[in-house]
> 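Before anything else, here's the structure in question.
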Amino acid sequence: MLIHDAAGRVTTLCLDLDTSKATKAVVDADAERLGALLASCGLRYVEDSSPAGGRHLYVPLAEPMDGAEARELVAALARTAPSMDASPHQNPSTGCIRVPGTLHKRGGYQELITPLSAAYDILRRRNTSGGVERLRRALAPELRRNRQEASRRAKASPAPLSSQDVGSSRVCAPAGRWRSPLRAIAETGLFDTARYRTPSEARMAVLNHFAACGWTLEQVKGELTGQFRGLAALYQSPAQLARLLESEWAKALEFTASSRGNRTAPKSDTSPPEPTGGAPSAAAIHQLVNDLENVLYGVLDARFQQYGREGVGLRFLIRGVLAYMRTMETNTLDVGCRTFALALGQHHSTVARLLRRLAQLSDGMVTKVADARHRNADVYLVELPQQHRALVRDLSWRQGKIHAIRPVFRVLGPAAALAYEAIERSRLSPTTKEVAQHAKIGRSTAERALAEMSALGMIHRDQDKRWFITHTASLTQLAQRLGVDCDVAAQLTLHRLQRAAWHAWLDRHNHEHQLTESDLYDPEVDEYWAPPDLYADSPVMWSIAAAS
């Protein structure tokens, strides 16, 4: 049955969950999750199943929806369900779906899951536009992510996209520029049988990948019912999952540790600073960071504001330096530019330039004490400047932690990060004007950032128009929905390749490992046997030749 009418409009949203996209267990889980999402938005739907194990969800609409809006909404829903096929809504002229009672190509018929009387009532009393609007608000992160990827492709394309291209599969293809194959296995449960012969081998590869990326067993268990349902589907039953997961995770940790130990090149191009006898204690470091935060908010933020875009980079770089100080509990930082770049979401060359500027403009707060050499990064000493000690005594410490760029703000931008920090670390809930003042950003910029974060459910405003943090909103989950984890993984992979190339170059040009002339020729040993013709007049040579 065709989905679009002659004018290209849609009267029913058709959600196709296909076993060619994921395993049947993932399809069933996606159908349950999509059904809960639709019900939470007040939308009623009709459900059927195919003989191959797929599912169809039909959402009838009281008011016809434009085909482009329907494609956008269905593509956003496909972000939440790995097994969903968004292609039926992509072509206005040929997009179709197999309805209940239709003969299946593999034999059998589409079977209606919803009771017939309930399905008749749902199709007769169709969903209003209010429910669709609530669904659109619930899918705000996925809608934003699709628009950004479509805009990125449009800028990279030499020719503008036509309306037919916008509805093609390229717009709805998941994950932009890079996607880990092992992550796809964890999401869908499908794997390449030419590489992994059994589900056991596939799930061990996924667990090894998670262990190498620094995941914990609790984090893996938490995602088995979330984004990594495919990993759970690789086990034959929940009982087998409960019985084998911990032992297989232990094997993955052991394999990862042994693999790291066998590498000739270290994981990072930095090394931890050597402790000295006069190193400050951990408590002293935390107090120093609190004092430096007061200098940052009282002096440096206003100073860096004068440098425009470079100043924004400096503001987040000094925040990253203070965050590393608190984490590593030292004021002598030996952190590479790529490590800072990963924390800030910037290019490592930009970080290298900003580090030099920070040492010049920080009033002696950040001082370079040693140059980079071989695999070690530049060493910076962070201390409280003498001229700001009186200011620190007059100001009280702020609550909360300081951050560089949290993953979600890689997408939302630095203005949103500064506005969120102003609300999060303010002693009193601020208004929009106060947010702009505390964050040192323009009023219109603050309004746009606050409106966008409010639409994503990160913050909310009360009757007095004061902003509050929505503590039930998870920034980590929101970052995953916006696709930040894929960008971070791509940047991390690039850094590993660059480090490996740099380490290989160092090994080739290491004088200690290079061959010298004495390794090939020792002047004390006669390794040359002259032919007899050169000594034709020598009786010794004739006697040797005669004896042979």
Side-chain angles (χ1 to χ4, degrees), residues 1-19 21-22 26-50 53-102 110-147 167 169 171-172 174 481:
M1 182 184 74
L2 291 176
I3 294 177
H4 302 80
D5 60 12
R9 297 176 301 177
V10 172
T11 57
T12 301
L13 296 177
C14 301
L15 311 182
D16 182 12
L17 307 180
D18 198 346
T19 51
K21 299 287 185 179
V26 177
V27 168
D28 296 339
D30 287 345
E32 181 180 355
R33 183 166 61 252
L34 288 176
L37 175 62
L38 295 173
S40 66
C41 297
L43 295 172
R44 301 195 301 167
Y45 61 94
V46 178
E47 184 178 7
D48 70 357
S49 64
S50 70
R55 297 281 193 93
H56 291 165
L57 275 66
Y58 308 92
V59 185
L61 306 175
E63 300 177 5
M65 181 184 297
D66 183 71
E69 295 180 2
R71 285 195 298 272
E72 186 180 43
L73 195 58
V74 171
L77 285 168
R79 291 284 185 185
T80 66
S83 64
M84 183 171 168
D85 182 12
S87 59
H89 278 274
Q90 292 169 10
N91 196 318
S93 59
T94 61
C96 59
I97 196 167
R98 189 179 293 107
V99 297
T102 306
Q110 291 288 132
E111 296 184 3
L112 187 65
I113 296 178
T114 306
L116 182 60
S117 58
Y120 176 78
D121 182 66
I122 293 172
L123 293 173
R124 187 173 59 88
R125 296 187 299 170
R126 309 171 78 85
N127 296 289
T128 62
S129 58
V132 176
E133 186 60 31
R134 287 190 292 270
L135 178 62
R136 187 175 284 109
R137 288 197 298 268
L139 296 173
E142 287 77 16
L143 290 170
R144 176 190 174 91
R145 181 178 177 183
N146 284 339
R147 290 166 184 166
S169 59
V171 175
C172 301
R481 295 174 65 184

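All values derive from a computational prediction rather than experimental measurement.
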> Excluding sequence neighbours, so at least two apart, what forms salt bridge (Lys or Arg N to Asp or Glu O under 4.0 Å) with Arg125?
Asp121

> Examine distances only and state if a side-chain atom of Thr11 and a backbone atom of Pro64 form a donor-acceptor pair shorter than 3.5 Å.
no

> With sequence neighbours excluded, what pairs up with Arg137 under the side chain to side chain donor-acceptor pair (under 3.5 Å) test?
none

> Just to verify, what does Thr12 make a side chain to side chain donor-acceptor pair (under 3.5 Å) with, not counting sequence neighbours?
Arg126

> With sequence neighbours excluded, what pairs up with Asn127 under the side chain to side chain donor-acceptor pair (under 3.5 Å) test?
none

> Where do Ala86 and Ala78 come nearest, in terms of heavy atoms and distance?
CB-CB, 4.3 Å

> Measure across His89 and Ala70 and return the closest heavy-atom pair with its distance rounded to 0.1 Å.
ND1-CB, 4.1 Å

> Please list, chain by chain and in numerical order, all residues satisfying side-chain contact (heavy atoms from CB on, under 4.5 Å) with Glu111, sequence neighbours excluded.
Ser49

> If you look only at pairs with a residue in residues 87-100, which of them pass as a salt bridge (Lys or Arg N to Asp or Glu O under 4.0 Å), with sequence neighbours excluded?
none

> Please enumerate all residues that pass side chain to side chain donor-acceptor pair (under 3.5 Å) together with Thr94, with sequence neighbours excluded.
Asn91

> Would you say Leu43 and Arg134 make side-chain contact, with heavy atoms under 4.5 Å?
no

> Atom CG of Asp16 and atom CG of Leu57: how far apart are they, to the nearest 0.5 Å?
10.0 Å

> So Leu143 and Glu72, side-chain contact (heavy atoms from CB on, under 4.5 Å) or not? Walk me through it.
CA-CA 7 Å; Leu143 290 170; Glu72 186 180 43; 3.6 Å; yes

> To check you understand the geometry: which heavy-atom pair defines the closest contact between Thr19 and Gly54, and what is its length?
CG2-N, 3.8 Å

> Please list every donor-acceptor pair under 3.5 Å in which a side-chain atom of residues 26-38 meets a protein atom from a residue at least two apart or in another chain.
unit_1 : atom_1 : unit_2 : atom_2 : d
Asp28  : OD1    : Arg55  : NH2    : 3.4
Asp28  : OD2    : Lys24  : NZ     : 3.0
Asp30  : OD1    : Arg33  : NH2    : 2.6
Asp30  : OD2    : Ser83  : N      : 3.1
Asp30  : OD2    : Ser83  : OG     : 2.6
Arg33  : NE     : Thr80  : O      : 3.3
Arg33  : NH2    : Thr80  : O      : 2.8

> Could you list the residues that satisfy side-chain contact (heavy atoms from CB on, under 4.5 Å) with Ala39, not counting sequence neighbours?
none

> Under 4.5 Å between any side-chain heavy atoms of Tyr58 and Ile122, yes or no?
no

> Which residues satisfy the salt bridge (Lys or Arg N to Asp or Glu O under 4.0 Å) test with Arg136, sequence neighbours excluded?
Glu133

> Do Val99 and Asp48 touch side chain to side chain, with heavy atoms closer than 4.5 Å?
no

> Given Cys14 and His56, is the side-chain contact (heavy atoms from CB on, under 4.5 Å) satisfied, shown in steps?
CA-CA 7 Å; Cys14 301; His56 291 165; over 6 Å; no

